[in-house]
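Everything below concerns the one structure shown next.
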Protein chains: 2
Amino acid sequence: MRMSAEERRESVVRAAMIEFARGGYRGTSTEAIARRVGVSQPYLFRLFPGKQAIFEAAAERCVEETWRVFDEASAGLTGSAAAEAMSEAYMGLVGDRDQLMMQMQLYVSVFAARAAGEEGIGDSARRLWESLFERVRIRIGGDMGDATHFFAHGMLINTLVALGFPEDHRIWSGFNAHDPAE
Amino acid sequence: MRMSAEERRESVVRAAMIEFARGGYRGTSTEAIARRVGVSQPYLFRLFPGKQAIFEAAAERCVEETWRVFDEASAGLTGSAAAEAMSEAYMGLVGDRDQLMMQMQLYVSVFAARAAGEEGIGDSARRLWESLFERVRIRIGGDMGDATHFFAHGMLINTLVALGFPEDHRIWSGFNAHDPAE
DNA sequence: ATAGGTAGTGATTGGCCACTAACTTAGAAC
DNA sequence: GTTCTAAGTTAGTGGCCAATCACTACCTAT
């Protein structure tokens, strides 16, 4: 049961991704995260300086993880073949809703922070996101419009997942309509 | 200063859209909404049964408002001309971030409700969104793929706005690349 | 003018939650 | 087996917030 602080931090990040994805920043208590980790709530504050730091770690992990999925799916491919492979991989993430929702929570949290006058998290989030965008853009051939197109569909998938449209709902039928060609 | 309950409800909905857009459901206090309206906090509970109901009213208004923008922009147009006009109108909404962010807050709130085991708000949100989708689809010619494409780009705009990329950032340059053709 | 309904407020409360402080226990090293 | 360090806990605090209750002010009709 006992593990090193570094290992614990790792499991906290994983638990936090799930809890924050479902509840958002304000809607998630540190108690809930601790319970999922299997540790007492105050101990989180010995592993991280505060709730905010846990969220930021989870957010960063989430973006990294997304790239990992893209990277694995498109290994050795380029151009539209890579785009297709990554699209398919992202559709696969629909089954792991927490991953997609953590992204959304990051987006709205950045906005909330900005609205509250704190710019801290925004900078790092933009850097993370832009870096993901760039890596994908290069992988699919370098065209800006293609990358925009790719991410646009990803964001729509996030939205439909958030709203809870079942997988066989007709709203999903618009995907794959143009995809193979592009 | 004194106004009818109906008028007050109207101004509460408008104020709530702004506050919820910036803070999210959990991050917005009824106190903040009341302050923006210029009314005491307890009075909100005479106008609405609870915080949840205020959020739902704001969410519905937000989707309706989005359609109003699309409808006005594309009045008399059809097909790709309508799509172009609506795209441009949506880009115009980037200047009114609260409108876009209220959408995002609705999406994550629906997911949060689902995760917490309450399905109530999800049903109405999906109905609202699908109805918007359908009206747009018809307006731009009826093709499912085109409508998907249209909304995908809208959702990406939401994301970039949330993350706070400045308007002249290169991340925006991927729009308009394919747009006129489609 | 007064009666009655509607708009609106002040005071309060019970519950939750991030965070702190003080303490306890496991295990590695010798 | 004792000692020392790092992992972990129990108990508590101050602040915030949704919702309630009892009350006051305004307007309108007769």
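Here is how names work: the chains are called A, B, and so on, in the same order as the sequence lines, proteins then strands, and each is numbered from 1.
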* To do: Flag the pair Arg14(A) and Glu10(A) as a salt bridge only when some basic side-chain nitrogen lies within less than 4.0 angstrom of an acidic carboxylate oxygen.
  => yes

* Checking all strands, does Ser29(B) fall into the base, sugar-phosphate, or nothing category for heavy-atom contacts under 4.0 angstrom? -> sugar-phosphate

* To do: List the steps and the verdict of salt bridge (charged side-chain N to carboxylate O under 4.0 Å, His left out) for Arg68(A) and Glu64(A).
  => CA-CA 6 Å; Arg68(A) 213 183 52 75; Glu64(A) 273 171 17; over 6 Å; no

* **Length of the CZ-P vector between Phe45(A) and dA22(C), whole Å** => 18 Å

* Could you say whether Arg46(A) or Thr30(B) is positioned toward the 5' end of DNA chain D, judged by the nucleotide with the nearest heavy atom to each? => Arg46(A)

* Asked: Aromatic rings Trp129(A) and Phe151(A): how do their planes relate, parallel, tilted or perpendicular, breaks at 30° and 60°?
  -> tilted

* **Bounds of contact between DNA chain D and chain B, in 5' to 3' order, using a heavy-atom cut-off under 4.0 Å** => dC17(D) to dC27(D)

* So Phe150(A) and Phe70(A), would you call those rings parallel, tilted or perpendicular, with 30° and 60° as cut-offs? -> perpendicular

* Measure the shortest side-chain to side-chain distance between Arg35(A) and Glu19(A) over non-hydrogen atoms and say whether it is less than 4.5 angstrom. => no

* With the threshold set at 4.0 Å, does a side-chain nitrogen-carboxylate oxygen contact exist between Arg139(A) and Asp71(A)? -> yes

* Any salt bridge between Glu119(B) and Arg126(B), counting N to O under 4.0 Å? -> yes

For nucleotides 26-28 of chain C, tabulate all protein N/O to nucleotide N/O atom pairs closer than 3.5 Å, reporting atom names and distance.
from	atom 1	to	atom 2	distance (Å)
dA26(C)	O4'	Arg2(A)	NH1	3.3
dA26(C)	N3	Arg2(A)	NH1	3.2

* Apply salt bridge (charged side-chain N to carboxylate O under 4.0 Å, His left out) to the pair Glu134(B) and Arg170(A), showing each step before the final yes or no. => CA-CA 11 Å; Glu134(B) 281 303 294; Arg170(A) 58 187 296 282; 3.0 Å; yes

* Structure fact -> Regarding the side chain of Pro42(B), the nearest nucleotide among dA22(C), dG10(C), dA18(C) is dG10(C)

* Hey, what's the ring geometry for His149(B) with His153(B), parallel, tilted or perpendicular (30° and 60° as the breaks)? -> tilted

* Among residues 5-26 of chain A, which residues get a heavy atom nearer than 4.0 Å to DNA chain D? -> Ala5(A), Arg8(A)

* Phe175(B) vs Trp172(B) aromatic rings, parallel, tilted or perpendicular, using cut-offs 30° and 60°? -> tilted

* To do: Could you state the atom-to-atom distance from CZ of Phe48(A) to P of dT20(C) in whole Å?
  => 15 Å

* Asked: Can you list the steps and then say if Thr66(A) with Gln99(A) is a side chain to side chain donor-acceptor pair (under 3.5 Å)?
  -> CA-CA 8 Å; Thr66(A) 303; Gln99(A) 165 87 8; 2.8 Å; yes

* **Atom-pair distance (OH on Tyr43(A); P on dC23(C)), nearest Å** => 19 Å

